[in-house]
Amino acid sequence: MAAWDLSITVEDLGPDAEPITISVTSDLHVGGVMARLVEKTQITRDWSDRALWWEQKQQWLLRTSWTLEKYGIHADARLLFTPQHKPLKLGLPNGITLKLLASFSSPVFSSVIGICKMLNIRRPEELSLLRPVEEKKKKKKDKDLTEEIYDLTEVPLTSGSRPCLYNGMPAHFADSPKMEAIYKMLSVTQPPPAPEVLAKQYRPSSVVDKAHINGRWLDSSRCLMQQGIQENDRLWLRFKYYTFYDIEPKYDVVRLTQLYEQARWAILLEDIDCTEEEMMLFGALQYHISKVSLSEPQMQISSPAMEDLELALQCLEVKMEGKSSSASELLENITAPELNDYLKIFRPKKLTLTPYKQYWFKFQDMVISSFKSKEESSGEPIQQINLKGCEVAPDVSLASQKFIIKLRIPAPEGMNEVHLRCENEQQYAQWMAACRLASKGKTLADSSFQSEIQSIHTFLAMQKTNSGTNSSAAAGDESINAYSLVSPRYHKKNKAKQLTPLILDACRNVAELSLTDAMLRFVQMWQALPDFGLSYVVVRFKGSRKDEVLGIAPNRLIRIDLGVGDVVQTWRYNNMKQWNVNWDIRQMAIEFEGNINIAFSCVTADCKIVHEFIGGYIFMSTRSREKSDTLNEDLFRKLTGGHEVH
Amino acid sequence: MDDLDAMFSDLLGEMDLLTQSLEQESASLPTTSTKKKKKEEEEEEEEEANFSIGFTDLNESLLELEDNDLDALMADLVADLSATEEKLAAEIEGLKVPSPTPLPSGLPAPPPKVLTSSSSDSPASPASSSFHTPTSSITSPLPPPPPQATKPTKEEIEAQLKADKIKLALEKLKEAKVKKLVVKVLMNDGSSKTLMVDERQTVREVLDNLFEKTHCDCSVAWSLFETNPELQLERSFEDHENLVEPLLAWTRDTENQILFKEWKQKYEVFKNPQTFYLWKKDKKTLKDINNKDKEILVQENFCGSSIIVPDLEGVLYLKEDGKKHWKQRLFQLRASGIYYVPKGKTKSSRDLICFLQLDNVNIYYGSDFKSKHKAPTDFCFVLKHPQIQKDSQYIKYLCCDDITSLNLWVTGIRIAKYGATLYNNFKAAEKKAVVDAAWTNRCTPSSSEQSTPSPTVKAKSLNQANGHATTIQNEPESKDFGNIPPPPPLLSSSSNILPPPPPDPAFPPPPPPDPAFPPPPPPDSAFHPPPPPAMDLPPPPPPPPEEDSIDAPPNFLPPPPPAVGSMLPPPPLSPYSGRSLPPPPPPSCFKGFNQSLPPPPPDPGFLPPPPPPQPLMTAGGVPPPPPPPPPPPPPAAASPTAAPRPSLRPVGSVKKMPPAPPKRTTPTLGGGGGGGGGDGGDLMSELMLAMQKKRGNN
């Protein structure tokens with residue numbers, strides 16, 4: 001067979017190096033080509049990750065046993081001998097950017113699996129990569145100055161199924177303090193963003209705006225190189241399919257943290273709508289999470305041995321509590337802490353104009369007793385209020401030194417409203433905390449009393465910084481701007497000092513959650529929003545002349561009329577008989593049971609993306625606990641692949 | 001604490017003794033048919049509840065109930081007694097010694113049951129408050145007896161001490177603050193059942209309890225409803241709720257009631273999820289939906305990491321605060337609460353106004369609001385804080401167009417409020433229903449009657465079967481005893497012994513009971529409950545005063561003591577021997593006991609009776625007097641006894657009994673306390689009178 005010359009650019013020789021020419025025959029297989037090439041460079045090094053990339057065809061020559069003839073390669077082919085794994089700047093849901101090596105030669109689906117393995121994120125099939133929203137040039141400059149990129153390119157490429165864990169993190173993070181710090185970035189929530197940052201971020205203002213982001217998803221059945229991604233390009237890693245399977249906080253530290261961050265930003269940037277009450281609760285949870293993550297920096301990083309120890313300690317604690325409860329309960333009750341002080345009381349229900357009256361109050365168990373004076377406090381109280389099950393609301397203004405606790409106490413006849421006015425911050429924090437606990441059926445002896453007081457102080461401090469002129473820096477880490485916790489829409493609607501009590505009020509139900517539970521709660525609340533899980537695409541239905549929006553949810557498709565803004569139709573996947581893509585005219589056709597057929601073309605995203613979403617969700621629904629640990633990549637590819645695969 | 005613990009273990013030990021003896025007694029009861037036993041047991045179960053002192057508000061109804069139950073119980077017992085007595089009489093005639101033997105066999109049967117119920121209750125109650133399973137442990141079986149007979153004075157003192165300690169322990173337990181209520185539950189058929197509920201019990205447990213008592217199918221639809229006639233509201237408690245807490249919100253003069261009925265909507269959402277989650281679809285699609293799709297819907301909405309609330313949205317009428325107007329508003333249900341769309345705004349989330357968050361309110365059905373509140377329709381629901389019992393501006397009244405919409409909203413709100421708990425409740429209820437169905441299937445073939453449905457019942461039936469076998473064996477034995485004085489001798493011996501010493505006399509009567517209730521002495525506390533049985537045994541009247549425990553046996557005892565007394569003087573030893581004897585018979589009783597016992601556990605509530613303890617204490621003082629009575633019984637002997645029973649039957653006496661029961665229970669609680677309260681004494685004396693009359697006639 002005739003030999004001919006094939007010139008190949010070897011990337012490792014530098015950008016300016018001339019291509020190396022080797023003499024080949026058409027029946028030489030690709031492996032042989034590479035062997036000769038390496039030989040010719042006369043460089044000894046590890047070439048194992050290198051492969052040939054055929055530029056004209058935008059194709060990797062990964063089958064080393066195929067001959068050049070079989071690949072159809074002739075002398076005019078421009079071949080590049082280049083590493084399959086290349087560095088990528090990866091933006092995570094929590095906003096930090098990593099630099100890591102990703103596979104540029106395998107389908108994106110597999111690349112993501114590799115990335116997730118490195119980052120210790122389980123269930124990689126739920127995530128994918130997308131092209132970031134371009135920032136305006138000005139901003140980009142600013143950002144480049146400030147943005148820190150955490151380098152993970154040193155991490156060896158593992159081939160094992162799961163990285164072994166060391167101290168609860170993959171071994172490669174335990175190599176150096178620097179790596180450990182990076183792992184912490186992944187597994188600890190970020191502090192709330194500065195309000196200015198938040199305000200500057202792009203927020204979609206309509207469903208159509210929200211649809212645009214979905215045009216940016218990479219095709220998961222093709223590789224990065226094929227999609228024009230180059231070394232050191234920037235991509236985002238995000239949860240794409242909103243079915244978070246089998247979240248296990250013990251193993252899912254990074255996954256849960258990133259999920260929380262994605263949810264948080266979705267809320268803050270109004271990617272998903274919620275009501276004001278919900279927003280306040282989201283704000284309260286963020287506040288609580290940021291507070292707790294500061295106070296327990298060594299969060300979940302624990303080895304199995306440590307877990308055992310912890311478990312044992314817990315058991316011990318339970319036992320001791322159990323023992324003491326019977327015996328010492330009496331004692332405890334006798335010595336139960338109480339609050340005693342002069343407060344002013346006011347009953348708004350009576351239509352009189354009686355001002356606040358001062359009494360001596362005693363708070364014990366869950367009951368407030370009032371006496372005429374301190375001296376008479378040993379006698380019969382004038383009145384007793386049992387706070388169990390009552391509603392507690394603050395009415396506080398630091399500027400006017402107003403510290404009022406509003407109580408609504410349920411009684412057979414209705415709610416009795418009582419306002420207690422405290423003299424100062426200290427007194428208010430204590431009594432407010434006591435009322436909060438009592439309303440939940442807990443006494444002052446409860447362990448959460450002190451933390452409750454603390455959180456009230458913190459919120460008062462917040463109010464100070466918000467209301468004061470910008471001399472707030474002194475407040476330190478503890479102070480958080482209420483504007484950082486809610487979406488910018490509420491910045492206009494409420495002044496910060498109005499916002500603070502609202503968030504504080506919402507906080508009462510979450511104040512005792514652990515960091516993990518709080519994050520889980522946040523994610524659950526997010527999932528419970530009516531519009532959760534919808535990915536929008538602007539489409540044009542067959543026979544229709546106007547653009548409409550298709551919402552793709554984990555279990556259904558919805559059709560939204562842009563004129564009305566309402567859902568006009570819903571189709572559930574489990575009624576779906578088949579779906580087809582006509583790749584030539586880029587149209588999707590779906591058939592549902594009952595002879596329902598729909599067809600549409602996609603406007604804001606390639607129909608491959610829509611096809612992949614639907615196939616992906618169907619794939620997600622096939623996951624079950626039994627086969628939980630093995631990911632059926634083939635099935636995913638079949639469901640999402642498109643024409644290249646069929 | 002140590003003290004307390006020690007007291008407790010003592011108490012437990014005594015209870016064990018009691019149960020053992022009871023078992024034996026029951027075993028020795030050959031005559032009673034299983035059927036009867038069953039009946040009795042059932043009644044006993046109910047009685048237990050009745051015994052306990054109820055909620056003040058419920059007291060009246062309770063008392064009524066008790067009357068009914070007691071009447072039935074008494075009738076049964078009396079029948080049994082007369083049967084056994086006749087037997088005994090026959091045997092006794094053959095024997096020189098009155099009939100220690102016959103008595104044990106015959107008497108134990110009826111009293112034991114009663115006693116068991118009561119005694120078991122009492123022990124169970126204290127135990128339950130602090131520990132869950134007191135009855136089963138067999139710590140110190142014998143210890144109790146010693147205090148009783150042998151050395152009267154010393155023993156008495158010890159007993160007194162013990163009683164004091166127990167009382168103390170009970171008081172401390174009481175301080176543990178476990179609240180218990182006696183609750184009257186109205187059934188579908190207009191009848192009612194009374195239950196003891198403690199604050200740790202969930203509605204699910206109470207329902208299970210009711211399943212056992214009613215032998216209904218255990219479908220998941222069964223619910224406990226709370227009604228508020230004043231507001232014309234009702235709502236079903238959710239299975240996970242603790243029953244006591246909402247009941248505590250009722251006012252003293254409340255007319256609220258608890259109903260036990262089927263509520264199809266309870267778990268409808270898990271059976272036909274499409275109705276709620278696809279409510280926008282047309283009816284035909286919903287109807288045609290297949291089971292697999294239903295399953296998928298349940299999975300999607302309840303088995304994910306977050307519970308999905310149906311996206312309800314619709315126009316409802318809202319009654320304006322304090323006015324009679326009903327205003328239409330577009331409402332939306334979200335996981336975070338109920339919202340409405342303000343006038344002139346869009347349905348966008350950000351514009352919604354929060355109408356209500358669900359943390360602090362419960363949802364109720366309103367009935368006949370058309371006339372009460374001039375509502376547009378009668379499909380109304382209400383949201384209010386559970387504490388609110390009267391009309392108030394804080395109650396939110398809402399009205400739907402039709403029943404479908406009403407069911408949608410009520411269920412939707414429940415899902416939003418209870419989330420995954422609701423699904424877990426359903427699964428638990430379903431499990432129960434399946435198990436139950438299985439049981440019924442298995443049980444039906446067997447001869448056992450109604451009881452089959454619940455597993456516990458099964459246990460009972462099994463026990464009974466065993467009981468039969470044992471009883472048969474026992475019967476011969478007992479007969480032998482009858483023929484062969486030995487057993488009686490023991491008893492008699494004890495009685496003999498007792499008679500000699502003055503205090504003993506009082507105790508002697510107990511010996512007869514011993515056969516039935518060997519543990520009596522320590523059991524005193526436990527025995528107190530028995531007093532009721534004593535009632536059954538009118539003859540004993542004299543003994544009752546002496547010792548509650550004795551009460552039951554007294555009837556029989558009286559006869560034996562005379563004979564025994566004369567026959568066997570051996571004082572100290574006898575008591576023990578007597579005790580030892582009793583055990584044998586118990587086996588059968590025990591089974592009976594077990595059956596009766598199972599129910600009690602659920603009603604740890606028995607503790608409440610503690611108040612009675614005081615009576616007991618006083619009773620302690622009383623006991624001495626009883627001794628004298630023993631003598632009277634002797635004359636009656638076996639033959640008279642038969643006659644007296646009939647006298648007992650008189651309904652009148654029975655009726656009186658009802659009031660007494662509570663007191664008895666209290667004594668039990670007292671545990672340490674002396675004989676039954678004054679009431680018990682009165683009853684006993686009445687019974688005695690009756691018996692004497694009869695005897696006189698004879």
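Each chain gets a letter, A, B and so on, in the order the sequences are listed, and its residues count up from 1. Scope of the values below: all heavy atoms of this structure, side chains included, with no hydrogens, waters or symmetry mates.
Looking only at heavy-atom pairs under 4.5 Å with chain B, the residue among A:E391, A:M279, A:E270, A:M525 that has the most is A:E391. Among B:S392, B:G337, B:S349, B:A335, the residue with the largest count of heavy-atom pairs under 4.5 Å with chain A is B:S349.
Heavy-atom distances place both the backbone and the side chain of B:R350 under 4.5 Å from chain A. Residue B:D311: no heavy atom, backbone or side chain, is found under 4.5 Å from chain A. Looking at B:D351, there are no atoms closer than 4.5 Å to chain A (heavy atoms on both sides), in backbone or side chain.
Contact detail for B:S348 and A:D273: the closest heavy-atom pair is OG-OD2, 4.2 Å. For A:P410 against B:Q387, the heavy-atom pair with the smallest separation is CB-CB, 3.5 Å. Contact between B:I307 and A:A528 at its shortest, heavy atoms only, is O-CB, 4.3 Å. A:M415 and B:Y394 make their closest contact through N-CD1, 3.0 Å (heavy atoms, listed as atom of the first residue, atom of the second, distance).
Among residue pairs with one or both ends in residues 295-304 of chain B, those qualifying as side-chain hydrogen bond (donor to acceptor under 3.5 Å, both in side chains) are A:N555-B:E300, A:R572-B:E300; sequence neighbours excluded.
No more than 12 heavy atoms of other residues, nucleotides or ligands sit less than 6.0 Å from atom CD of B:E245. Applying the 6.0 Å contact sphere to NZ of B:K294 captures more than 12 heavy atoms from other residues, nucleotides or ligands. Taking a 6.0 Å sphere around CD of B:E255, one finds it holds 12 or fewer heavy atoms contributed by other residues, nucleotides or ligands.
We find the CG-OG1 distance between B:L352 and A:T275 to be 7.0 Å, quoted to the nearest 0.5 Å. Between atom CD1 of residue B:I308 and atom CD of residue A:Q527 there is a gap of 7.0 Å, rounded to the nearest 0.5 Å. If you take CD on B:Q357 and CD on A:E278, they are separated by 8.5 Å, rounding to the nearest 0.5 Å.
When the heavy atoms of residues 273-292 of chain B are compared with those of chain A, the residues falling under 4.5 Å are B:L278, B:K281, listed by number.
Side-chain contact, B:S336 with A:E277: no donor N or O sits under 3.5 Å from an acceptor N or O. Residues B:S305 and A:Q524 bring no donor and acceptor atom of their side chains to less than 3.5 Å of each other.
Within the 4.5 Å cutoff, side-chain heavy atoms of A:P530 are placed close to those of B:R334.
Of the possible polar contacts, one joining the B:H385 side chain to the A:G389 backbone as a donor-acceptor pair under 3.5 Å is found.
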